[in-house]
Amino acid sequence: MRINRIRRAAIAVTAAAVLPLSLAACSSDDNGSSGDQGSSESTEGTTGGGMDEGEDTGADDSAQEETSAAAQTFGAACAATPAEGPGSFDGMALDPVATAASNNEALTTLVSAVDAAGLVDTLNDADGITVFAPVNDAFAAIPEEDLNAVLADQDMLTGILTYHVVGERLSPEQLEDGSFETLQGGTVTTTGSGESFTVNDEAAVVCGNVQTANATVYLIDTVLMP
């Protein structure tokens, strides 16, 4: 009997010692789970912030990629070009050069001359050219009798118009001190810098670096003669 009481007392003591340890272990597991959950929430928060930054960066990239054709042009006469529609710089950039010119109100006389010379398809089908395009006032400066005589002579008209065309796209930098063979067979020279250029020392570029689907156009204030 005494032995049994001793055994029961030993078991009770052992249980009393183990129980606090078990409770401590359970408490540690609960804390660990809570810590893991907090860590997970923190990670999610960080991930969410990263996505916002990514979205902002994507928006910035899109804004940088949007390059308007108007932003490439220079010259006081460019201000008369409409902001929207086929005759705008963005609209002209979509069409071949003769078609694009027909939508620009400053080039109506030139367009009529190109049509009279039968050069619409020639210019529209060309691959990478530069056109020095006289504006309406440039033709108006020619005595009416002389202008009508030129318009009536297709060979002469073709020679004059093709003298305004170079068989490659020219950047403003190339115009600083350039000499270029024209489709007519003659040569035009260009000088200047920044946003001020002249052709053959007589025609000023009034609106430059206008882009069309197949050409770069420089509007000039004087008709060039071969």
Side-chain angles (χ1 to χ4, degrees), residues 69-70 72-73 75 77-78 80-82 85-171 174-175 178 180-190 197-200 202-226:
Q72 304 177 51
T73 63
C78 294
T81 302
S88 68
F89 292 122
D90 288 338
M92 292 176 69
L94 302 175
D95 292 321
V97 63
T99 302
S102 70
N103 293 320
N104 189 308
E105 293 296 328
L107 300 175
T108 55
T109 305
L110 174 62
V111 170
S112 296
V114 168
D115 186 52
L119 293 174
V120 173
D121 290 340
T122 299
L123 294 178
N124 276 349
D125 293 340
D127 183 17
I129 58 176
T130 293
V131 177
F132 295 102
V135 297
N136 295 337
D137 288 346
F139 285 98
I142 300 174
E144 184 176 1
E145 183 178 351
D146 294 343
L147 179 60
N148 289 336
V150 171
L151 293 174
D153 187 331
Q154 189 173 27
D155 288 341
M156 182 184 297
L157 181 60
T158 298
I160 292 173
L161 293 178
T162 53
Y163 183 67
H164 290 74
V165 183
V166 174
E168 61 178 305
R169 284 185 183 265
L170 300 176
S171 67
Q174 290 175 280
L175 302 187
F180 310 100
E181 183 178 356
T182 70
L183 297 190
Q184 179 266 350
T187 300
V188 294
T189 59
T190 58
F197 295 95
T198 58
V199 184
N200 287 357
E202 57 177 331
V205 174
V206 295
C207 181
N209 205 28
V210 178
Q211 301 301 313
T212 75
N214 69 327
T216 299
V217 180
Y218 294 90
L219 278 64
I220 56 177
D221 66 357
T222 303
V223 177
L224 305 175
M225 292 298 175

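Quick caveat, the model's predicted, so the values are computed rather than measured.
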| Do the side chain of Y218 and the main chain of L170 share a donor and acceptor less than 3.5 angstrom apart? | yes

| message | As a test of understanding, state which of T182, T187, N200 forms a side chain to side chain donor-acceptor pair (under 3.5 Å) with Y163. | response | N200

| side chain to side chain contact (heavy atoms under 4.5 Å, CB included) assessment of D137 paired with D221 | CA-CA 7 Å; D137 288 346; D221 66 357; over 6 Å; no

| Shortest non-hydrogen contact between A69 and D90, atoms and distance | N-OD1, 2.8 Å

| message | Tell me if a side-chain donor or acceptor on Q154 pairs with a main-chain N or O of A117 at a distance below 3.5 Å. | response | yes

| query | For M156, does the CE atom have more than 12 heavy-atom neighbours from other residues, nucleotides or ligands under 6.0 Å away? | reply | no

| field | Criterion side chain to side chain contact (heavy atoms under 4.5 Å, CB included) on F139 and L151, from CA distance to verdict | value | CA-CA 11 Å; F139 285 98; L151 293 174; over 6 Å; no

| request: Go through the steps to decide whether T216 and Q211 satisfy the test side chain to side chain contact (heavy atoms under 4.5 Å, CB included), and finish with yes or no. | output: CA-CA 5 Å; T216 299; Q211 301 301 313; 3.3 Å; yes

| Residues, nucleotides or ligands: over 12 heavy atoms within 6.0 Å of D127 CG | no

| query | In this structure, which one of V114, V97, T99, D125 forms a side chain to side chain contact (heavy atoms under 4.5 Å, CB included) with V120? | reply | V114

| task | Could you give me the CA-CA distance, side-chain angles and deciding distance for L161 and L110, then say whether side chain to side chain contact (heavy atoms under 4.5 Å, CB included) is met? | result | CA-CA 9 Å; L161 293 178; L110 174 62; 3.8 Å; yes

| task | Mark yes or no for whether R169, through its side chain, and A215, through its backbone, hold a donor-acceptor pair below 3.5 Å. | result | yes

| If you round to the nearest 0.5 Å, how far is CG of D153 from CG of N148? | 12.5 Å

| Are the side chains of L175 and F180 in touch, meaning some heavy atoms are under 4.5 Å apart? | yes

| Do you know the tightest heavy-atom contact between A133 and V217? | CB-CG1, 3.8 Å

| request: Would you name the heavy atoms of S88 and T81 that are closest together and state the gap between them? | output: CA-CG2, 3.9 Å

| field | Closest non-hydrogen atom pair between L147 and I142, with its separation | value | N-CG2, 3.9 Å

| Sub-3.5 Å donor-acceptor pair from the side chain of N136 to the main-chain atoms of E105, do we have one? | yes

| From NE2 (H164) to CG (L224), nearest 0.5 Å | 3.5 Å

| field | More than 12 heavy atoms of other groups within 6.0 Å of E202 CD | value | yes

| How close do C78 and G208 get, heavy atom to heavy atom, and via which atoms? | SG-N, 4.1 Å

| said: Tell me whether N214 contacts the main-chain N or O of P96 through its side chain, where contact means a donor paired with an acceptor under 3.5 Å. | reply: no

| Over all atoms of both residues, closest heavy-atom pair of V135 and L107 | CA-CD2, 4.1 Å

| said: How long is the straight-line distance from CD of Q72 back to CZ of F89, given to the nearest 0.5 Å? | reply: 10.5 Å

| request: Could you grab the distance from atom CD of E168 to atom CD1 of I129, nearest 0.5 Å is fine? | output: 11.5 Å

| note | OG1 (T122) and CG (L183) are apart, to the nearest 0.5 Å, by 9.0 Å

| task | Check whether any side-chain heavy atom of T190 lies under 4.5 Å from a side-chain heavy atom of F197, and answer yes or no. | result | no

